[in-house]
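As a basis for the values below, the full set of heavy atoms in this structure was taken, side chains included, without hydrogen atoms, waters or symmetry mates. Residues: numbered from 1 along the sequence shown.
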Amino acid sequence: MVDSFSDPSPQFGTAEYLGKPGNDHCQFCHQPITGNYYRINNAMACGGCSEKMRGSLATDTHSAYVRALVYGIGAAVAGMILYAVFEIATGLIIGYVSLAVGWMVGTAMMKGSNGVGGRRYQITAVLLTYAAVSMAAVPVWIHYGNKHRQEQQEIQREQAKGQQAQQQLEDEQRQLEAESGQKPSAPAPKPIQPRMSLGGWLARVVLLGLASPFLEIWGGGITFGWLIGLVILFVGMKIAAKLTGGRPLEIYGPFNDSPQPSH
């Protein structure tokens with residue numbers, strides 16, 4: 001027999017009554033009900049099934065939320081890596097990956113909380129999904145930045161030869177000025193580039209990453225592809241919110257008299 005308690009939600013929509021008045025059946029174990037009965041989301045249930053349902057209800061506690069948060073962050077990091085690797089490997093920006101990221105985050109949070117959901121879980125899942133998708137732009141930028149840096153290094157090697165020749169001419173000129181009794185001209189000081197601290201660099205990267213879905217507007221304006229990608233991102237966030245909404249379960253009873261079956 002399939003264990004209806006592992007996934008009772010498909011049976012919660014409407015009550016299904018079997019048998020005749022006075023011979024009703026539990027919708028979950030399908031055993032006849034005599035005497036007291038309960039209602040689980042409008043579905044008729046016996047006392048034993050209602051007790052099992054109460055025992056299976058998970059409680060929303062601080063530790064449950066922390067576990068859900070840890071699981072959600074792990075899924076968000078995995079989703080970010082998936083999104084970035086796919087874009088780097090294919091060279092394509094496929095917004096549908098956002099749907100997978102939303103599913104990963106929502107599923108992981110529900111697993112971490114043992115099925116507990118609610119408003120704060122939904123808000124957290126939405127934020128983690130957005131952060132994962134938007135921050136995926138950072139490793140992509142780093143990848144193409146390193147590629148561009150290698151190309152620039154090749155150019156700099158060619159330019160270095162010309163700079164060495166120019167430096168040699170300047171040294172010879174200063175030597176001639178010193179021999180002729182003139183005060184040698186001092187080389188032009190190099191501008192000092194201020195160095196950014198690690199914390200400042202990380203904060204800047206995070207802010208740019210979170211704003212990445214909207215940076216395209218500044219570069220090329222609003223495009224149809226950008227709108228589609230933004231809509232898909234919102235759908236992925238909605239998936240995460242739906243998964244973490246929790247499973248509503250209401251148990252009423254006991255009722256003394258067996259009800260009449262619905263027609």
Side-chain angles (χ1 to χ4, degrees), residues 1-15 26-29 38-86 95-136 138-139 206 209-210 213 230-253:
M1 179 181 296
V2 179
D3 185 3
S4 61
F5 297 104
S6 61
D7 188 16
S9 56
Q11 303 170 3
F12 287 164
T14 57
C26 174
Q27 185 176 337
F28 302 96
C29 67
Y38 294 79
R39 287 192 180 276
I40 302 177
N41 286 16
N42 294 327
M44 190 175 184
C46 64
C49 290
S50 64
E51 290 301 320
K52 290 181 180 179
M53 286 291 185
R54 285 194 180 96
S56 64
L57 287 175
T59 305
D60 185 7
T61 61
H62 177 70
S63 60
Y65 176 74
V66 171
R67 286 195 307 269
L69 179 61
V70 172
Y71 277 57
I73 292 175
V77 172
M80 180 190 69
I81 295 174
L82 172 65
Y83 201 108
V85 169
F86 183 86
Y96 290 106
V97 182
S98 303
L99 306 181
V101 175
W103 179 85
M104 291 169 60
V105 172
T107 302
M109 289 190 64
M110 291 301 289
K111 184 176 182 180
S113 66
N114 293 325
V116 176
R119 181 63 62 185
R120 62 174 177 172
Y121 294 86
Q122 291 179 304
I123 295 174
T124 303
V126 167
L127 294 178
L128 288 177
T129 301
Y130 176 82
V133 174
S134 60
M135 290 297 293
V138 174
V206 170
L210 294 176
L230 194 63
V231 170
I232 295 175
L233 172 58
F234 285 146
V235 173
M237 294 162 63
K238 186 176 181 180
I239 291 174
K242 185 176 181 180
L243 289 173
T244 52
R247 302 168 185 170
L249 185 62
E250 297 178 341
I251 302 176
Y252 303 98

| request: Search all heavy atoms of V97 against all heavy atoms of F86 and return the closest pair with its distance. | output: CG2-CD2, 4.3 Å

| Per the side-chain contact (heavy atoms from CB on, under 4.5 Å) rule, which among I73, L128, T124 passes with V105? | L128

| said: Working to the nearest 0.5 angstrom, can you tell me the gap between L82 CG and M80 CE? | reply: 11.0 Å

| said: Pair Y38, C26 - check side chain to side chain contact (heavy atoms under 4.5 Å, CB included), show working. | reply: CA-CA 9 Å; Y38 294 79; C26 174; over 6 Å; no

| Worked check of side chain to side chain contact (heavy atoms under 4.5 Å, CB included) between H62 and V66 | CA-CA 6 Å; H62 177 70; V66 171; 3.6 Å; yes

| note | Between A45 and C49, the two heavy atoms sitting closest are CB-CB, 4.5 Å

| message | For a quick test of reading the model, state the closest non-hydrogen atom pair linking F28 to A43 and the distance between them. | response | CZ-CB, 4.0 Å

| Donor-acceptor contact below 3.5 Å, side chain Y130 vs main chain L210 | yes

| What's the shortest heavy-atom distance between G102 and I239, and which atoms? | C-CG2, 4.3 Å

| said: For a quick test of reading the model, state the closest non-hydrogen atom pair linking T244 to Y121 and the distance between them. | reply: OG1-O, 3.6 Å

| query | Out of curiosity, I40 CD1 to C46 SG, how far, rounded to the nearest 0.5 Å? | reply | 8.0 Å

| note | CE of M109 to CE of M104, rounded to nearest 0.5 Å, is 14.0 Å

| Is the number of heavy atoms from other residues, nucleotides or ligands under 6.0 Å of R120 CZ greater than 12? | yes

| remark: Correct closest heavy-atom pair for V126 and M237 would be CG1-CE, 3.2 Å

| request: Can you measure from OG1 (T129) to NZ (K238) and round to the nearest 0.5 angstrom? | output: 14.0 Å

| task | Quick one: pull up OG in S113 and OH in Y71 and give me the separation to the nearest 0.5 Å. | result | 10.0 Å

